[in-house]
Amino acid sequence: FIILAFCWVYIRKFQSRQESEVISTITAICALAIALITSALLPVDIFLVSFMKYPNGTYKVSICSANTVRQIEDTVLYGYYTLYSIILFCVFLWIPFVYFYYEERDDDNMNKCLQVKNALKYTIGFVIVCVVLLLIGTFVPLQAPPGQNSTQWEKVQYLFEELGSSHGLRALSFSISSLTLIGMLAVITYTAYGMSVLPLNLIKGTRSVVYERLENTEDIDDVEHQIEKLKSKCKDGRPLSSRDRHNLQELEGKLQVLRRRGRHLEIAERNCCTKVGSALRPFKILLGILFILVALLFIVALFISNLDKALHSAGISSGFIIFGTNLTNPLNELLLALQPVFPLDYILITVITMYFVLTSMAGIRNMGIWFFWIRLYKIRPKRTRPQALLFLCMILLLIVLHTSYMIYSLAPQYVMYGSQKYLSQMASAAPTSGNATIGTTRICDADAPEDQCTVTRSYLFLHKFWFFSTIYYFGNWAFIGAFLIGLVVSCCKGKKSVIEGEVEPDDSDISDDEYVH
């Protein structure tokens, strides 16, 4: 209920009152809620694999049987199956259908049946892409195929065994990994910039509303003077030149925007929220400092994790899997320390996930929705179109999907094995012990025996294909670079206006009056 309430408040905050659409609002809220619920399943997955064993590396008596372990793994696996299937349904069918359905609504003469038909026609392309991804994921082998000397029957038998071995896990994992790859691009674009712009905006604050009103009044007087100067040229009956007419039209449009800004600034000056915001200025500065410190912690942890992979992993062909922890990762150590007390690590993972969501929202809010160099939509409070909300929620859904790998990059050992340990048999060094062996407790890593350490289901879903893990690895370096660039850009920018995003030249007077009243 908390997740649904958050999604409803966020969507209603940015939704345009003039172009409000019930079906698009419900779709956006449900898509965002599914993404957040999916991210909330990760700490539960980690807790369950850690709960199976004692700190000394032995399995607990109540769940020591293989069937019990398998049952716990299958329960979490079915949860991922369900949520990831719903994500595929939203991304490839439901959200595109609602988007094209609303696009077809612009024609008033079109009946509902034709509107649905056209929306389904455009949606078929997304369904075909989904089917292709599922087929590719089904046929891509994860093990070495039979050699050249094997018979044709052995090759066919091998293919059928590969198709039936995972019960659809590979197909779904490949599709989700493909979506996560798109989410990685969104994280590099929006989240990296949002992690720098959000805390710096909190620290710098907004411009004084009194000073902005004074400045806006001076701009209005200046523009009115220029308009009068141009109009004075035609007092004797001579027509204005094409250049003067163009300048006059631009000045009149600029004057209209300035007057709208004046109305908004006047309301902002009387608004109680502006006064409360000024009173909470010290708290915002402290919150901004906290956010920038958290961002720097994430960047340092991500850099250490990537450096560890570059120095000690098996290389590109293995997806940069680390065989043991070689460099101390502060975030990984913190999660391992909090993991035995279930609510604490769950709260920390939830905070990390929400931090990524909030910074992503800030990045999208400041940048808008772009397709390469073309700006498609702006995200503004009470002014966002339904199509933009659908795009926004799809981007946030993909970003939250990639958050699982981001958390794995920040704390790889914790996400893979939790706090599991195993007993390693070593030969005794004492001369009187003969060939005796002793058991040593070691932390689970990628080099541990398969029957001694249980890997989380999330890791299997997002890291089943080595080439995706390799792309994610290089994407992390791009994320670090994008954050540093965004940090420099955010530092160079001045303070935001107190009515940032409320007034744009392409706004209509009707929507402006609706917003004001």
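- No side-chain heavy atom of F483 sits less than 4.5 Å from a side-chain heavy atom of T191.
- Minimum interatomic distance between I11 and A28 (heavy atoms only, all atoms of both residues): CD1-CB, 3.9 Å.
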May I have the step-by-step check of side chain to side chain contact (heavy atoms under 4.5 Å, CB included) for M361 and L198, ending in yes or no?
CA-CA 9 Å; M361 291 175 176; L198 176 61; over 6 Å; no

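- Between Y405 and Y408, the ring planes lie tilted relative to each other; the angle falls in the 30° to 60° range.
- Checking side-chain atoms of D308 against main-chain N and O of I304 turns up no donor-acceptor pair under 3.5 Å.
- Residues I299 and F479 are in side-chain contact: their nearest non-hydrogen atoms beyond the backbone lie under 4.5 Å apart.
- The closest side-chain heavy-atom distance from L200 to C491 is below 4.5 Å.
- Closest non-hydrogen pair, Y101 versus A119, comes out as N-CB, 3.6 Å.
- A donor-acceptor distance shorter than 3.5 angstrom exists from the side chain of K204 to the backbone of S490, with no hydrogens or angles considered.
- Interatomic distance, L390 CG to I23 CD1, rounded to the nearest 0.5 Å: 9.5 Å.
- With hydrogens and angles ignored, the 3.5 Å screen pairs a side-chain donor or acceptor of N306 with a backbone N or O of Y473.
- The side-chain heavy atoms of K121 and N118, taken from C-beta on, include a pair separated by under 4.5 Å.
- When all heavy atoms of M394 and P96 are compared, the pair lying nearest together is CE-CD, 4.4 Å.
- With a 4.5 Å cut-off on side-chain heavy atoms, V76 and T456 do not count as touching.
- Shortest non-hydrogen contact noted between I188 and G475 is CD1-O, 3.6 Å.
- Checking side-chain atoms of R12 against main-chain N and O of T25 turns up no donor-acceptor pair under 3.5 Å.
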Would you be so kind as to tabulate the donor-acceptor pairs closer than 3.5 Å made by side chains of residues 85-95, with sequence neighbours excluded?
unit_1	atom_1	unit_2	atom_2	d
S85	OG	Y81	O	2.6
W94	NE1	T27	OG1	2.8

Determine whether Y102 and F97 satisfy the following criterion, side chain to side chain contact (heavy atoms under 4.5 Å, CB included), listing intermediate values before the conclusion.
CA-CA 9 Å; Y102 189 83; F97 172 77; over 6 Å; no

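- Looking at I395 and I364, their side chains come closer than 4.5 Å, going by heavy atoms from C-beta outward.
- Judged purely by distance below 3.5 Å, without hydrogens or angles, the side chains of N329 and S305 never pair a donor atom with an acceptor atom.
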Residue pair V455, V49: steps toward the side chain to side chain contact (heavy atoms under 4.5 Å, CB included) verdict
CA-CA 7 Å; V455 180; V49 297; over 6 Å; no

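- Considering every non-hydrogen atom in both G205 and R281, the closest pair reads N-NH2, 3.3 Å.
- Looking at heavy atoms from C-beta onward, L398 lies out of side-chain contact with T180 at the 4.5 angstrom threshold.
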Walk me through whether F291 and Y355 qualify under ring pair (Phe, Tyr, Trp, His ring centres under 6.0 Å).
CA-CA 9 Å; F291 276 12; Y355 178 82; 5.6 Å; yes

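- The CD1 atom of I480 lies 12.5 Å from the CD1 atom of I485; values are rounded to the nearest 0.5 Å.
- Between the CG atom in L358 and the CE atom in M195 there is a gap of 12.0 Å [rounded to 0.5 Å].
- Taking the six-membered ring wherever Trp is involved, the centroid distance between the rings of F298 and F356 falls below 6.0 Å.
- Taking 4.5 Å as the limit, every side-chain heavy atom of V187 sits out of range of all side-chain heavy atoms of S360.
- Atoms CD1 and CG, on I182 and L397 in that order, are 11.5 Å from each other to the nearest 0.5 Å.
- Here L133 contributes atom CG and I176 contributes atom CD1; the two are 10.0 Å apart, rounded to the nearest 0.5 Å.
- The shortest non-hydrogen separation linking L307 to W477 is N-CZ2, 4.2 Å.
- Atom CZ of F6 has more than 12 heavy atoms from other residues, nucleotides or ligands within 6.0 Å.
- The line from OG of S196 to CD1 of I292 is 7.0 Å long, rounded to the nearest 0.5 Å.
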